[in-house]
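Report on the following structure.
A quick note: this is a predicted structure, and the numbers were derived from the prediction, not measured.
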Amino acid sequence: MRQKELRFALVCYGGVSLAVYMHGVTKEIWHLARASRAHHSRDNMELPGGVAEVYRKFLQQIEGEHQLRLRVLPDILTGASAGGINAIFLAQAMHSGHSLEPLTDLWLENADVSELTDPDAQPMWRYAKFWAQPIANWFLSRPGNAVSESVSPETRDEVRDKVSKLVRGRWFNPPFSGDRFSAMLFEAFESMANEVPGPPLLPPGHPLDLLVTATDFRGHPELLRLNSPPLVEETEHRMPIDFRSLATEHSGEELADPLELVFAARATASFPGAFPPLIVDEIDRLALHEGRMWENRGSFLSRIMPTHVRQNTVDNVALIDGAVLVNAPFGAAFEALSTRTSQREVDRRFVYIEPRPDRRKLSASDEPQPIGWFSAIFGSLSTIPREQPIRDDLERIELQSKDAARLRRIVMGLRPEIDRAVERLFGRTFFLDSPTPKRLGNWRAKAQQAAAENAGYAFGAYAQTKFSAIVDRLAHLTHAAAPDLALPDCSPIATALRQELSRRGLEELTQDNGGAREQAIRFFRAHDIAFRTRRLQLLARRLSRDWEVDPEIPDDALDLAREKIYDILALYRAADDNSMLGERFEQLAMEVLEKPGAVLDFLETQRLLPETDLMAEHKFADALAEMPKNLKRRMLLTYLGFPFYDVATLPLLQSEGLDEYNPVKVDRISPDDARSIRDGGTRATLRGIEFYNFGAFFSRAYRENDYLWGRLHGAERMIDLVASTVDGGMQHSTIQSAKRDAFLAILDEEVEAGRCRGHMIAKIRAEIEERMGTPV
């Protein structure tokens with residue numbers, strides 16, 4: 001049985017009220033993750049029911065018909081503006097096992113101008129701001145006005161009333177209440193926590209990364225390195241807010257303090273002009289009102305706004321909508337890939353939700369309209385930044401994918417020659433010997449020496465690449481431990497470390513006759529964690545991608561091998577964990593520019609890599625002793641052949657680790673990509689596109705419509721993405737049948753919940769049955 005993980009890096013755009021549609025989509029991602037968890041459960045958990053049960057049966061069908069056991073893991077979640085809210089709540093649900101249903105209630109009930117408006121901004125009587133009444137009347141009743149042209153008859157009165165109040169409300173101040181918004185977000189998190197949780201939706205130990213963007217309105221100073229003058233001060237306005245955690249086995253464990261998640265959600269969605277900027281005092285007031293201690297306040301603020309904390313300006317920070325500068329945070333999702341490993345084959349997808357792919361389309365008969373005063377200002381402040389194309393991000397992902405494919409071709413091409421080199425070095429019979437830890441250590445040293453000597457002149461470039469990467473890593477660890485140095489980056493620390501290493505005899509790394517000098521060998525043994533992890537990652541990739549399909553190797557042997565490899569990887573990752581170095585290292589790091597040798601000596605004695613190597617070899621030897629001979633031989637060939645691979649590929653790879661270094665595919669979810677029920681894309685399905693995408697904030701009917709279509713479009717694309725993991729594809733009829741079942745299950749769920757209008761559900765159900773038939 002072939003095993004594969006379909007991993008999602010989700011990017012949720014800012015889209016104003018179209019965030020309600022995005023919530024419907026993310027809800028289907030959550031249901032698919034629940035279905036996958038149930039499909040792989042060994043504890044006979046209850047079947048999920050509803051649309052999740054449709055997804056589970058689809059995964060089961062793929063396993064039975066295509067011999068592919070697929071697991072779906074949404075593990076990198078990013079967002080901006082209201083899309084960031086969806087990413088935050090999905091991350092909390094994935095990590096804790098709690099339901100995402102409370103967020104549905106938040107969007108449908110509370111995402112309305114009447115609920116969000118600050119009480120001080122409400123017109124207190126009919127004739128309040130009587131001079132504004134003519135403006136409101138003209139805006140709402142002029143020929144061709146937006147309400148008459150685009151709002152369905154049954155909701156026109158509701159929309160007109162709310163627009164009138166907004167126009168006649170408080171002017172020159174944000175109409176919406178930040179405190180009320182924060183309270184609503186906190187209430188939704190509390191509602192999640194009050195429900196009985198299911199199991200976490202990621203495997204234990206699997207990392208979950210969440211990042212949302214925010215904009216520091218006043219900005220904070222950052223140093224920029226130039227040639228002359230050497231340093232200049234710039235004002236930085238981007239302020240990403242990130243969270244990272246490892247999944248646990250226990251239900252109900254929060255990703256982070258709800259107050260911090262509220263802070264992130266409120267900040268990223270602080271739309272300029274609509275909400276006041278978020279200041280830290282607002283969350284302090286919320287904590288006081290809810291009677292909740294914000295225990296990690298200091299460490300949280302130090303992490304996300306270290307410059308303000310150092311300068312004691314936290315109280316002056318004003319955060320506005322993250323989409324002002326970064327509306328599609330692909331870069332954050334891309335950076336999170338560097339921390340990913342894989343125990344089996346990975347199909348990595350970057351999935352972004354685009355509610356309005358139609359926004360720039362003009363038909364041949366359309367005439368561009370003159371750009372008026374209001375359009376120019378609103379477009380420059382809101383529309384243009386939010387609609388900036390993502391071509392640069394996608395080209396970066398495409399380049400990474402090409403590099404990954406190129407690396408894989410190189411490694412595959414080198415394999416026969418390296419296997420022969422290892423066999424010549426040791427002889428074929430050594431693989432039948434018992435690989436004790438002592439023998440493994442001797443074999444490893446012999447293989448590394450042979451690889452260095454055989455590399456010739458190429459070894460010099462390899463050694464310099466290793467050396468530079470190690471020094472940069474040590475400088476990064478030191479820089480992170482000494483924020484009070486206020487350095488613009490870790491370059492001055494790296495320079496100080498290099499100068500110290502040069503004084504210690506590491507000016508030249510290689511010998512005249514090839515291979516590394518003795519001082520270089522000692523340095524690599526003491527500090528080169530990346531080499532150890534790359535070797536183990538190559539073994540993990542072979543287990544996941546190459547040997548898994550071999551019928552001669554039992555599945556349980558592969559599972560055991562994977563488990564042991566990741567146990568050993570954990571040893572080295574713990575050695576490279578900055579948090580394990582303690583207060584003494586922080587003190588030394590503050591003096592690194594004057595005493596770089598003390599930092600080097602401390603890291604060498606604290607991380608103790610030779611001792612870790614000995615523990616690792618004991619674990620590896622024990623694992624080999626339990627493997628069948630055909631798997632043991634391949635593991636040893638790869639383990640001992642790794643120095644040959646590394647010499648050939650590291651200067652090309654220019655990276656410390658392989659990690660999840662696989663080609664990345666990009667998938668979009670939009671109304672244009674999901675036409676099984678209704679053609680026409682966004683304009684035929686979504687109502688929140690009116691009023692510069694604010695439409696759904698004026699009508700619950702609009703929100704219900706967009707939420708429901710978000711679920712339906714999300715379900716269609718989830719099935720498309722799952723089906724695309726099957727080599728050779730699946731039959732169209734099988735896919736369409738799964739989609740129809742998912743659509744009808746969603747409608748049944750909403751009927752039972754009573755959240756959406758019955759006539760709308762009945763209309764969509766009739767469309768489904770007309771185009772796709774009724775289930776047998």
Side-chain angles (χ1 to χ4, degrees), residues 1-10 25-26 28-43 45 47-48 50-77 90 94 198-208 247 337 340-351 540-541 543-551 555-556 558-559 562-563 660 662-667 669 714-739 741-742 745:
M1 179 70 66
R2 186 181 178 192
Q3 297 190 48
K4 185 187 288 188
E5 291 178 354
L6 175 60
R7 297 185 181 180
F8 291 159
L10 181 67
V25 174
T26 58
E28 292 315 297
I29 295 174
W30 172 65
H31 279 307
L32 178 58
R34 292 176 60 229
S36 174
R37 171 65 175 79
H39 180 57
H40 288 264
S41 174
R42 296 180 179 177
D43 55 7
M45 64 177 294
L47 299 180
V51 71
E53 179 62 11
V54 175
Y55 295 141
R56 190 191 69 83
K57 289 180 178 178
F58 191 53
L59 294 171
Q60 196 173 46
Q61 184 176 11
I62 290 173
E63 183 172 323
E65 296 178 1
H66 299 275
Q67 294 299 294
L68 175 62
R69 189 164 175 78
L70 186 69
R71 184 161 198 163
V72 183
L73 303 175
D75 61 345
I76 299 174
L77 308 173
L90 178 58
M94 291 291 303
L201 302 184
L202 293 174
H206 192 94
L208 174 64
L337 287 182
R340 289 301 190 277
T341 58
S342 56
Q343 293 191 5
R344 50 190 53 84
E345 182 181 355
V346 171
D347 189 339
R348 167 61 72 183
R349 307 295 181 93
F350 272 56
V351 179
R541 290 181 64 183
L543 286 164
S544 301
R545 299 184 66 92
D546 303 328
W547 303 333
E548 190 168 48
V549 295
D550 190 335
D555 286 348
D556 56 352
L558 290 169
D559 289 339
R562 277 191 285 261
E563 180 182 335
E660 190 192 285
N662 296 302
V664 173
K665 301 172 186 176
V666 181
D667 296 285
I669 300 176
E716 178 163 358
R717 296 298 285 140
M718 289 304 101
I719 291 171
D720 286 338
L721 267 57
V722 168
S724 69
T725 64
V726 177
D727 293 340
M730 300 179 66
Q731 290 186 356
H732 178 72
S733 59
T734 301
I735 296 173
Q736 288 300 101
S737 177
K739 289 180 180 179
D741 293 345

_Criterion side-chain contact (heavy atoms from CB on, under 4.5 Å) on Asp75 and Arg348, from CA distance to verdict_ = CA-CA 10 Å; Asp75 61 345; Arg348 167 61 72 183; 2.9 Å; yes
How far apart are the closest heavy atoms of [X] and [Y], and which atoms are they?
{"X": "Val722", "Y": "Thr725", "result": "O-OG1, 2.7 Å"}
{"X": "Ala52", "Y": "Ala35", "result": "O-CB, 3.1 Å"}
{"X": "Arg562", "Y": "Leu543", "result": "NH1-O, 3.5 Å"}

*Are Arg69 and Glu63 close enough for a salt bridge, meaning some N to O gap below 4.0 Å?*
yes
Sequence neighbours excluded and cut-off under 3.5 Å, please list the side-chain donor-acceptor pairs for residues 53-62, or say none.
{"residue": "Glu53", "atom": "OE1", "partner": "Arg56", "partner atom": "NE", "Å": "3.0"}
{"residue": "Glu53", "atom": "OE2", "partner": "Arg56", "partner atom": "NE", "Å": "3.3"}
{"residue": "Glu53", "atom": "OE2", "partner": "Arg56", "partner atom": "NH2", "Å": "2.7"}
{"residue": "Tyr55", "atom": "OH", "partner": "Glu28", "partner atom": "OE1", "Å": "2.7"}
{"residue": "Gln61", "atom": "NE2", "partner": "Glu65", "partner atom": "OE2", "Å": "3.2"}

Is [Y] close to [X] at the side-chain level, that is, under 4.5 Å between some pair of heavy atoms?
{"X": "Pro74", "Y": "Val351", "answer": "no"}
{"X": "Lys4", "Y": "Asp727", "answer": "yes"}
{"X": "Leu337", "Y": "Ile76", "answer": "yes"}
{"X": "Ile29", "Y": "Val72", "answer": "no"}

*Rounded distance [0.5 Å steps], CZ in Arg34 versus OG in Ser41*: 12.5 Å
*Under the side-chain contact (heavy atoms from CB on, under 4.5 Å) rule, what do Met718 and Val51 come out as? Steps first, then yes or no, please.*
CA-CA 11 Å; Met718 289 304 101; Val51 71; over 6 Å; no
*Report the C-alpha distance between Leu201 and Trp30 in whole Å, list the side-chain angles of each, state the deciding distance to 0.1 Å, and finish with yes or no for side-chain contact (heavy atoms from CB on, under 4.5 Å).*
CA-CA 9 Å; Leu201 302 184; Trp30 172 65; 3.6 Å; yes
_Sidechain-backbone polar pair: Ser36 side chain, Ala33 backbone, donor-acceptor under 3.5 Å_ = no
*Do His40 side-chain atoms and Leu70 backbone N/O form a donor-acceptor pair below 3.5 Å?*
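Flag set: sc His40 to bb Leu70 pair under 3.5 Å.
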